[in-house]
Amino acid sequence: MTRSLIYSLLFSGILMYSQNTNAQMDKDLVSHAMEGNLSTLDGYVPSMTVTQDGQTAYFSKATYQKPLTGVFSKKELIHEIYRAENINGEWKNVTKMEVCPKYASAKHPTISDDGRRLFFASNMRGSYGKYDIYVAEIKSDGSLGVSKNLGPKVNTKEDELYPNLYNGTLLFFASEGRDGYGGLDLYATQVVLNTLTPSVNLGDHINSDRDDYAIQLSPEKGLGFVVSNRGQNHTISQYTVAYGHSKKEDNRYVVERDANIQTAMNTTQEYTSTSFEDK
């Protein structure tokens with residue numbers, strides 16, 4: 001009887017410790033992803049993407065892992081995508097998503113407005129270059145369908161990173177594989193009815209001769225917010241881009257409207273929730 005009681009208490013203690021440890025791990029994993037930040041591992045890290053109902057979030061985290069082959073090989077930096085659930089105002093049930101083969105990386109997730117598609121960057125085998133933009137269907141049970149490459153209308157032999165959806169169909173991303181203005185440039189494509197429009201460079205009003213990572217738009221204010229390392233000593237920060245003028249004030253770049261981005265923004269068609277297939 002005494003032994004049974006001891007075992008019961010011991011098991012309960014282990015269970016409580018495991019739950020507390022897992023809860024702390026969840027908090028640690030989510031805390032770094034709440035807002036965009038700078039990382040010694042990956043430079044600019046975008047904030048986690050959250051569904052419109054605020055109940056589910058996706059984010060990526062990098063860790064060093066031993067490669068598949070080579071006993072004495074150094075650990076490699078691997079990026080993985082996680083899913084978290086909002087339960088009573090706290091992010092819990094953090095789960096690693098299987099979006100690419102083991103030892104490949106996946107990062108920079110962004111979710112579609114209807115919550116049925118997850119776009120991300122990955123260097124998995126079969127990519128056109130280094131990192132490509134992929135999309136996977138989000139099933140009703142929260143699992144993901146097969147990851148599909150967005151194809152040559154988006155991806156090149158170099159890096160395509162930081163996908164971000166605007167207004168349901170307009171996909172912004174950063175690329176260094178095309179003739180641009182220097183480093184990573186920002187591009188846009190319309191994702192409509194399982195097809196893509198040709199990618200459009202957002203122009204020298206948006207892009208610089210440094211790395212331009214991401215853009216958020218506020219059309220009602222006529223503003224865009226660009227994350228770039230165009231600052232002194234390549235400092236990464238957010239720059240405000242306004243439309244309608246041609247002067248420069250401090251950290252605000254005030255520019256004329258750009259035909260390329262206006263064309264991309266004004267292309268509106270029905271958006272479907274099926275998995276992507278390039279045609």
- Query: Aromatic ring centroids of Tyr162 and Tyr44 under 6.0 Å?
  - Reply: yes

Between [X] and [Y], is there shared hydrophobic-cluster membership here, with clusters defined by ILVMFWY side-chain heavy atoms closer than 4.5 Å?
{"X": "Met48", "Y": "Tyr58", "answer": "no"}
{"X": "Val99", "Y": "Ile138", "answer": "yes"}
{"X": "Leu165", "Y": "Leu196", "answer": "yes"}
{"X": "Val50", "Y": "Tyr82", "answer": "yes"}
{"X": "Phe120", "Y": "Val135", "answer": "no"}

Can you see whether [X] engages [Y] through a side-chain donor-acceptor pair at a distance of less than 3.5 angstrom?
{"X": "Thr51", "Y": "Asp53", "value": "yes"}
{"X": "Ser127", "Y": "Tyr134", "value": "yes"}
{"X": "Glu160", "Y": "Thr156", "value": "yes"}

Determine whether a donor-acceptor pair (N or O, by modelled atom type, separation under 3.5 Å) exists between the side chain of [X] and the backbone of [Y].
{"X": "Ser228", "Y": "Asp211", "result": "yes"}
{"X": "Thr49", "Y": "Thr110", "result": "no"}
{"X": "Asp113", "Y": "Gly168", "result": "yes"}
{"X": "Asn233", "Y": "Thr235", "result": "no"}

- Task: Step by step, work out the side-chain contact (heavy atoms from CB on, under 4.5 Å) result for Glu76 and Lys66.
- Result: CA-CA 6 Å; Glu76 298 176 348; Lys66 287 287 290 184; over 6 Å; no

Is there side-chain contact between [X] and [Y], with at least one heavy-atom pair below 4.5 Å?
{"X": "His108", "Y": "Pro163", "answer": "yes"}
{"X": "Ser60", "Y": "Pro109", "answer": "yes"}
{"X": "Ile111", "Y": "Phe119", "answer": "no"}
{"X": "Thr56", "Y": "Asn86", "answer": "no"}
{"X": "Leu202", "Y": "Phe172", "answer": "yes"}
{"X": "Ser208", "Y": "Tyr181", "answer": "no"}
{"X": "Lys92", "Y": "Glu85", "answer": "no"}
{"X": "Tyr128", "Y": "Val154", "answer": "no"}

[X] versus [Y], closest heavy-atom pair with distance:
{"X": "Pro67", "Y": "Tyr103", "answer": "C-CE2, 4.0 Å"}
{"X": "Leu184", "Y": "Asp159", "answer": "CD2-O, 4.4 Å"}
{"X": "Leu223", "Y": "Thr240", "answer": "CD2-CG2, 3.9 Å"}
{"X": "Phe59", "Y": "Ala84", "answer": "CE2-CB, 4.3 Å"}
{"X": "Asn123", "Y": "Ser105", "answer": "OD1-N, 2.8 Å"}
{"X": "Asp179", "Y": "Tyr187", "answer": "O-OH, 4.0 Å"}

- Start with the C-alpha distance between Arg178 and Ser199, add both sets of side-chain angles, then the distance that settles side-chain contact (heavy atoms from CB on, under 4.5 Å), and finish with yes or no. CA-CA 10 Å; Arg178 297 173 170 82; Ser199 298; 4.0 Å; yes

- Message: Could you walk me through whether Ile215 and Tyr166 satisfy the side-chain contact (heavy atoms from CB on, under 4.5 Å) test, starting with their C-alpha distance in whole Å, then the side-chain angles of each, then the deciding distance to 0.1 Å, before giving a yes or no?
- Response: CA-CA 10 Å; Ile215 183 171; Tyr166 169 76; over 6 Å; no

Taking [X] as the fixed residue, which of [options] is the one that meets the side-chain contact (heavy atoms from CB on, under 4.5 Å) rule?
{"X": "Leu144", "options": "Lys139, Arg117, Met97", "answer": "Met97"}
{"X": "Val227", "options": "Ile236, Asp212, Leu186", "answer": "Ile236"}
{"X": "Thr189", "options": "Leu171, Thr169, Ile133", "answer": "Leu171"}

Roughly how far, to the nearest 0.5 Å, is the [atom2] atom of [Y] from the [atom1] atom of [X]?
{"X": "Leu170", "Y": "Leu217", "atom1": "CG", "atom2": "CG", "value": "7.5 Å"}
{"X": "Glu98", "Y": "Ser147", "atom1": "CD", "atom2": "OG", "value": "10.0 Å"}
{"X": "Glu158", "Y": "Asn155", "atom1": "CD", "atom2": "CG", "value": "12.0 Å"}
{"X": "Glu137", "Y": "Arg116", "atom1": "CD", "atom2": "CZ", "value": "8.5 Å"}
{"X": "Ser175", "Y": "Asp132", "atom1": "OG", "atom2": "CG", "value": "9.5 Å"}

- Take Thr63 and Glu80 through the test side-chain contact (heavy atoms from CB on, under 4.5 Å) and record every step on the way to the result. CA-CA 8 Å; Thr63 57; Glu80 296 170 317; 4.3 Å; yes

- Task: Assess Lys107 against Tyr131: is NZ or CZ under 6.0 Å from the centre of the six-membered ring, and within 45 degrees of the ring's axis?
- Result: yes

